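These numbers come from a predicted model, not from an experiment.
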Amino acid sequence: MTDFTPKDGCVVVTGAGSGLGRAMAVAFVGRGFRVVGTGRRAEALEETAGLCGPDFAALPMDVADWGAVQAGFATLGPVAVLVNNAAVYPHRDILAESGESFAATMGVNLGGVVNCTRAVLEDMAPRGRGRILNVATFADLNPLPASSAYSVSKGAARIFTRALLADLGDRLPGIVVSDWMPGMLATTMGIPDGVAPEVSAEWGVRLALKGDAAYSGSVFEMDREILPPRGMKAKVRDMILMRRRRPRVL
């Protein structure tokens with residue numbers, strides 16, 4: 001199928017009040033899309049609106065609040081693309097965590113993805129077309145110290161992507177779902193010498209607009225696809241048939 005265009009509907013970017021989310025909102029608007037940005041801080045979303053102009057609409061909400069998400073998404077009209085970007089990264093040693101604080105992180109980083117995805121499917125599923133891009137990390141594979149809640153929640157969100165595809169892949173192949181690792185960014189959640197959010201945002205927007213069902217289930221890191229591991233039989237078959245797997249590049 002063709003890539004998504006502004007005629008297909010608006011774009012929703014969660015966590016659009018700063019960092020990568022703000023940069024992606026600016027990039028989508030630059031491509032002619034109407035963008036709805038969510039975030040818990042209304043004043044931060046207004047700053048994003050100042051950079052985007054009239055094609056950006058602020059939707060202050062806590063993505064961990066299902067009632068707020070459901071009510072907010074019901075007002076949007078057709079949605080072409082959902083970028084699940086909102087996340088929190090509390091640097092807390094496990095001895096400083098409580099069950100409540102751990103659950104609060106899970107509520108945003110996993111619950112927010114589930115809530116926004118479930119809400120946008122009310123629009124996408126009847127139309128049979130849409131794009132859901134989940135901003136992910138490898139934190140579940142290599143957790144850093146003082147990041148247990150973040151690592152578990154982001155890893156669980158990657159499992160949710162696969163579970164979503166198991167539920168929807170055969171019935172609604174026109175809804176393209178995938179994960180994207182933007183890289184280590186120069187943001188408050190990243191590192192000082194990381195990739196500029198504006199650079200990474202360009203990669204993310206290109207990926208988010210892919211309408212081909214062949215992108216469902218794909219995993220990209222920065223601008224390059226990460227190919228899934230292959231078993232020995234598949235590798236031998238590729239050698240015999242002289243096939244070479246090449247990752248897609250944005």
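A cation-pi arrangement is not found for R31 relative to F4, the charged atom failing to lie both closer than 6.0 Å to the ring centre and inside a 45° cone about the ring normal.
Applying side chain to side chain donor-acceptor pair (under 3.5 Å) to N84 and the options T14, T117, D179, N115 leaves one that passes, T117. With L59 as reference, V36 is the one residue of V36, V12, V13 to meet the side chain to side chain contact (heavy atoms under 4.5 Å, CB included) rule.
Here the side chain of T105 pairs no donor or acceptor atom with the backbone of A149 at under 3.5 angstrom. Side-chain N or O atoms of R22 include one that pairs as donor or acceptor with a backbone N or O of A44 at under 3.5 Å. Between the K210 side chain and the S216 main chain, no donor and acceptor come within less than 3.5 Å of each other. Formation of a donor-acceptor pair under 3.5 Å by the T48 side chain with backbone atoms of A16 is found in this model. Formation of a donor-acceptor pair under 3.5 Å by the S98 side chain with backbone atoms of S101 is found in this model. Side-chain atoms of S151 never come within 3.5 Å of backbone atoms of S148 as a donor-acceptor pair (strictly under, hydrogens ignored). With D123 contributing its side chain and V79 its backbone, the two residues share a donor-acceptor pair below 3.5 Å. Although no hydrogens or angles enter the test, the distance criterion places no donor-acceptor pair under 3.5 Å between the side chain of R92 and the main chain of A146. Counting only distance, with no hydrogens or angles, the side chain of D62 and the backbone of A64 share a donor-acceptor pair below 3.5 Å. A side-chain donor-acceptor contact under 3.5 Å links N85 to the backbone of G15.
Every pair tested for salt bridge (charged side-chain N to carboxylate O under 4.0 Å, His left out) that includes a residue from residues 32-44 fails, sequence neighbours excluded, so the list is empty.
Side-chain heavy-atom separations under 4.5 angstrom define the hydrophobic clusters, and the remaining members of the one that includes M181 are F138, L141, V219, I226.
Below 30°, between 30° and 60°, or above 60°: for Y215 and F220 the angle between ring planes is below 30°, a parallel geometry.
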Which is it for C116 and L82 under the side chain to side chain contact (heavy atoms under 4.5 Å, CB included) test, yes or no, and what are the steps along the way? CA-CA 8 Å; C116 292; L82 166 65; 4.1 Å; yes
Please evaluate residues V177 and T161 with respect to the criterion side chain to side chain contact (heavy atoms under 4.5 Å, CB included), reporting the C-alpha separation (whole Å), side-chain torsions for both, the decisive distance (0.1 Å), and the verdict. CA-CA 7 Å; V177 186; T161 297; 4.0 Å; yes
Trace of the side chain to side chain donor-acceptor pair (under 3.5 Å) decision for R131 with S178: CA-CA 9 Å; R131 181 74 168 98; S178 62; 2.9 Å; yes
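Within the 4.5 Å cutoff, the side chain of V26 has no heavy atoms near those of the F56 side chain.
Hydrophobic cluster membership differs between V135 and V152, with clusters built from Ile, Leu, Val, Met, Phe, Trp and Tyr side chains linked at under 4.5 angstrom.
Around atom CG of D170, no more than 12 heavy atoms belonging to other residues, nucleotides or ligands sit under 6.0 Å away.
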